[in-house]
Amino acid sequence: MTGRASVVPPAPVSRALVTVAAVLLAVSASPAPAARATAEPKAPEDFVTLRSVDPSIIQEMRYTTAHNFVGEPVDGYRQPVCILTRPAARALHRAQATLLRQGHSLKVYDCYRPQRAVDHFVRWAKDLRDVRMKAEFHPLVDKSRLFADGYIAGRSGHSRGSTVDLTVVRLPAAPTRPYEPGEALVPCYAPQGERFPDNSLDMGTGYDCFDTLSRTDDPRVRGEQRANRNLLRDTLGAEGFVNLPEEWWHFTYEPEPFPDTYFDFPVSRRSVAGH
């Protein structure tokens, strides 16, 4: 023996094991795939923002605020923007031209309404404990009656894109003051000087008043209030809008481009092509 330690050669490694190890190393080094966000639905090309067609029409989009019968911003209303089908927006532009010559302007409260907002209304109506806005919007109607009396439903013509809630304002129009959550509420059918201030002509009730006095032809509405309702209905009717008899503020342009489709894209400028 020489006294030198003997070296034992390493056992051969199979090529299969080397290949598996390389694959595992590559996988562990690769970043985990990012979670793919669900894309929000977009409006069809025939939808536009009202401002792009007629920027002179005043917009007071109530459902982006807490001043509505729910008492909080409504699901799906991301921005205070009026979205309508192009034919409906153009018809409003023609009606606005008529009113401007008379020293008046249209003011919209609500336009296209996503189905998710309607679903929010339904959930609210089923929660009989939530009566925080009752004193203003439905003081004489028990919340348990809202479905049976037709004030709330699972579908809305607004979701088809050609229905609009609106009023008439005398120019020059002072802006309506902001609603302060928690402030004292006054019934929506109270005299105009007592209910929540609105720069609208006196239509006999406030907007979204769940009361029979909101019926367009209610016989108790007379004088100046009757003349104002007729001005709104006649001006819009001349441009193809049909009034819902139960609500003086509710009009649908006919023929509707989407008479059987209820859309659910959010109310935001990004939902409309080119905005």
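Position 1 is the first residue of the sequence; numbering continues from there. Just so you know, these numbers use all the heavy atoms, side chains as well, and skip hydrogens, waters and symmetry mates. Computed from a prediction, not measured in an experiment: that's the story for all the values here.
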Item to check | Check against side chain to side chain contact (heavy atoms under 4.5 Å, CB included), E239 and L92 | outcome: CA-CA 8 Å; E239 303 302 338; L92 282 188; over 6 Å; no
Next on the checklist: According to salt bridge (Lys or Arg N to Asp or Glu O under 4.0 Å), does anything in residues 161-178 pair up with another residue at least two apart or in another chain? List the pairs.
Outcome noted: R113-D165, R177-E183
Next on the checklist: Applying salt bridge (Lys or Arg N to Asp or Glu O under 4.0 Å) as the test, list every pair that has at least one member in residues 47-57; sequence neighbours left out.
Outcome noted: none
Checklist entry - Do F210 and F137 have their ring centres less than 6.0 Å from each other? => result no
Checklist outcome for this item: Residues at least two apart in sequence or cross-chain that pass ring pair (Phe, Tyr, Trp, His ring centres under 6.0 Å) with W248, listed by chain then number, are none
Item to check | Salt bridge present between E40 and R116 (N-O < 4.0 angstrom) | outcome: yes
Next on the checklist: Do L100 and L231 land in one hydrophobic cluster if side-chain heavy atoms of ILVMFWY residues count as linked below 4.5 Å?
Outcome noted: no
Next on the checklist: Check this for me: K126, atom NZ, are more than 12 non-hydrogen atoms of other residues, nucleotides or ligands nearer than 6.0 Å?
Outcome noted: no
Checklist entry - Got a sec, which residues hit side chain to side chain contact (heavy atoms under 4.5 Å, CB included) with V141, two or more places apart in sequence or on another chain? => result H138, R145, L146, D149, Y151
Checklist entry - Can you name the closest pair of heavy atoms from L106 and I57 and give their distance? => result O-CG2, 3.7 Å
Checklist entry - Looking only at heavy atoms, what is the nearest atom pair of D218 and R226, with distance? => result O-NH2, 2.9 Å
Item to check | Note, T163 side chain near F251 side chain (heavy atom, < 4.5 Å) | outcome: no
Item to check | Qualifying salt bridge (Lys or Arg N to Asp or Glu O under 4.0 Å) pairs, either residue in residues 188-210, two or more places apart | outcome: R62-D198, K107-D198, R195-D202
Checklist entry - Going hydrophobic residue to hydrophobic residue with side-chain gaps under 4.5 angstrom, can you get from M61 over to L50? => result yes
Checklist entry - Of all residues at least two apart in sequence or in a different chain, which pass the ring pair (Phe, Tyr, Trp, His ring centres under 6.0 Å) check with F258? => result F47, F263
Item to check | Side-chain heavy atoms of L201 within contact of V169, under 4.5 Å | outcome: no
Checklist entry - Can you check whether L166 reaches L236 side chain to side chain, under 4.5 Å on heavy atoms? => result yes
Checklist entry - Is the shortest heavy-atom distance from the side chain of P257 to the side chain of S162 under 4.5 Å? => result yes
Next on the checklist: Using side-chain heavy atoms (C-beta onward) and a distance below 4.5 Å, is S214 in contact with W249?
Outcome noted: yes
Checklist entry - With side chains defined as the heavy atoms from C-beta onward, is the minimum distance between Y189 and P139 less than 4.5 Å? => result yes
Checklist entry - Can Y112 and V81 be said to form a side chain to side chain contact (heavy atoms under 4.5 Å, CB included), step by step? => result CA-CA 9 Å; Y112 158 76; V81 54; over 6 Å; no
Item to check | D217 and R215 ion-paired at < 4.0 Å | outcome: no
